[in-house]
Amino acid sequence: MTKAQDPWIGRLLAKRYKLQAIVGRGSMGKVYQAADTLLGGVAVAVKFLSQALMDEKGKERFASEARACALLGNKSIHIVRVMDYGVDETELPFYVMEYLQGESLREMIDVQPLTLEQFLPLAQQIARGLQVAHQGIEVDGRIWSVVHRDIKPSNIFVVRDPGLGMLAKILDFGIAKFVNENPESNQTSHFTGTLAYCSPEQLEGRSLDQRSDIYSLGVMMFEMLTGQVPIQAPIESIGAWYRAHHMQAPPSLQSINPKLPKNSELEKLIQHCLAKDPQDRPANMAEVIQGLDRVEQSLRPQPVPPLPRPSAPDDHTYHPQVSTGPSVEHAVESWDLLSWPADKPVQKIVFPKLIPVGSSRIPSLWAMLPQDEINQRVLNRCYNQFLFVSTPHPMVLWITALYQIKQDPRWLPCYLDLKRPEGQEICRYLGEIGHYYLLLFSLEEPDKFRHRLEVSIATAQRPLLQEWADQGQVSRLAPAPDLSRDLLRREYERLKPQIISRLSQQVKIS
């Protein structure tokens, strides 16, 4: 917008903030991008109270919003931070807040519903921000809980932070309520809020507490995942929405978005938040956060079973050179003829491959390492483990690690996409045969393999591998490999310290 379109652009406010562009309109006024001239032109956002709200009540609410954001923004990274407050020469109140670059949650949902990968971190962050507001701020020596009363997608801003990924910020505390222990002081004399997101008690004008925000959060979480609110009114009126919020049962997530992977924990949490009676909802935001944590836990790959303790140093369970199934030692015509595939880059990568042996095939894992490291690893032991996630995309993480005392493990992770026939086939062969070959190739001379290890698979994992392959074959889920790969990778990183501890104990025993 140019100066001709908005005469305030270019204006110097309070001898400090130079207004540069209008960037939005909130429930109480316009927001401008500005440069803080005292700090070398640092970008800030300046919000003005609407001229239509310039009565004493409007000014009081605007000042309360600034105060709430100033106090809460210093306690939570998930609430927009206010740095300054004042009035201009015409007595119009304004406050200055951090300038955010990104998009509103409203804009994100309008493009398409969020994936579970996008939804979970954002929902957790919003819940943590609300938890801080509900825990309260100190005013005149007293702690006052802050109920937002207008939680909706347009009041959540998502910043693309290079270190934190997507960072959610709660905006617009313009109709927030400072709640103390006196119920009479919390009565609402008139309706405030956004009809589609209001709790039943908010529409009644009743006393509100944090459970009203929990209901609104439930509405918003449903919309984040499906693209539509769970409660629908036939016309846009308080009466119609009053009946809808009091009488309509929210549908299931799956009935609105069939592509969303079914998750009972997630469904249960959102339905709990949407209970008509506040007494039937989560008691506080901590319970909502715990529910989201359970959803995240339910998406994690199946847990790694504990390694059995070896009965002797040469126990076959841990000695990679001992096979539990048919060997290809003499079946492959010439190991020396195996060379690094021409379609694979000459770099440190790991990939699976089936080696033809007569009418059958043997699974193998091909890895490229520097020759010096291969020389150091020839006497290493070999650990292997398989992690599986069925939703949102069936996938196995095949973990192999070379290790010995006084040497960090060399991790060789590999993913098997079980919606692809080749991934299913390798998974079945691993379960059926019970071992695989690890072939090491040199970065310096990739023309032939430099070292070979025959690696046994734990007996307990073999039937699971075949079962997982079957699940992948019958899966009708929409493809989402990146999400499952990320879930497996996070679980892998979480388990690494436990695996290293086990390996250290194993080396000491032997």
Side-chain angles (χ1 to χ4, degrees), residues 1-74 76-111 129 148 150-162 164 166-176 192-194:
M1 182 175 288
T2 64
K3 184 175 177 63
Q5 294 170 308
D6 190 323
W8 281 16
I9 291 176
R11 175 186 177 193
L12 187 63
L13 183 68
K15 300 181 180 179
R16 178 173 181 176
Y17 307 108
K18 188 171 184 178
L19 305 185
Q20 296 179 319
I22 187 166
V23 293
R25 289 176 172 83
S27 61
M28 301 191 73
K30 293 190 292 187
V31 182
Y32 289 81
Q33 179 184 347
D36 187 341
T37 59
L38 292 187
L39 295 179
V42 170
V44 295
V46 180
K47 183 172 183 178
F48 288 91
L49 177 64
S50 169
Q51 292 282 358
L53 299 173
M54 276 287 285
D55 56 15
E56 288 305 312
K57 187 167 187 176
K59 291 179 181 179
E60 183 181 336
R61 282 175 55 191
F62 192 75
S64 292
E65 178 182 7
R67 178 171 57 176
C69 289
L71 294 170
L72 293 173
N74 287 329
S76 173
I77 193 175
H78 303 303
I79 296 175
V80 66
R81 187 165 54 91
V82 167
M83 296 93 76
D84 198 2
Y85 175 84
V87 293
D88 69 4
E89 62 277 8
T90 67
E91 300 298 318
L92 184 66
F94 69 88
Y95 65 77
V96 181
M97 54 187 164
E98 59 182 321
Y99 179 70
L100 304 175
Q101 291 183 293
E103 58 190 330
S104 72
L105 188 56
R106 172 80 280 147
E107 292 170 311
M108 292 179 67
I109 297 172
D110 284 346
V111 173
H148 189 284
D150 200 19
I151 290 298
K152 57 184 178 182
S154 59
N155 280 340
I156 307 296
F157 201 84
V158 180
V159 180
R160 307 284 179 168
D161 186 279
L164 299 172
M166 291 195 299
L167 180 63
K169 296 263 190 178
I170 303 172
L171 309 177
D172 204 347
F173 280 76
I175 64 169
T192 53
T194 303

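In this chain, residues are counted from 1 in sequence order.
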Looking at [atom1] of [X] and [atom2] of [Y], how far apart are the two atoms once the value is rounded to the nearest 0.5 Å?
X    : Y    : atom1 : atom2 : answer
M83  : M97  : CE    : CE    : 9.5 Å
R106 : N155 : CZ    : CG    : 11.0 Å
I170 : L105 : CD1   : CG    : 11.0 Å
D88  : L13  : CG    : CG    : 6.5 Å
I156 : E103 : CD1   : CD    : 13.5 Å

- Task: Please name all residues satisfying side-chain hydrogen bond (donor to acceptor under 3.5 Å, both in side chains) with Q101, sequence neighbours left out, ordered by chain then number.
- Result: none

- Note on the structure: Shortest non-hydrogen pair, S104 vs P153, comes out as CB-O, 4.3 Å

- Note on the structure: Shortest non-hydrogen pair, V159 vs K169, comes out as CG2-CG, 4.4 Å

- Stepwise, does the side-chain contact (heavy atoms from CB on, under 4.5 Å) test hold for V44 with D84? CA-CA 10 Å; V44 295; D84 198 2; over 6 Å; no

- Note on the structure: For residues 33-44, the salt bridge (Lys or Arg N to Asp or Glu O under 4.0 Å) pairs (sequence neighbours left out) are R16-D36

- Taken in chain and number order and not counting sequence neighbours, the residues that satisfy salt bridge (charged side-chain N to carboxylate O under 4.0 Å, His left out) with E107 are none

- Task: Considering only NZ, NE, NH1 and NH2 on the basic side and carboxylate oxygens on the acidic side, decide whether D172 and K47 come within less than 4.0 Å.
- Result: yes

- Query: Step by step, would you call V80 with F157 a side-chain contact (heavy atoms from CB on, under 4.5 Å)?
  - Reply: CA-CA 9 Å; V80 66; F157 201 84; over 6 Å; no

- Task: Take the angle between the ring planes of F48 and Y32 and call it parallel below 30°, perpendicular above 60°, tilted in between.
- Result: perpendicular

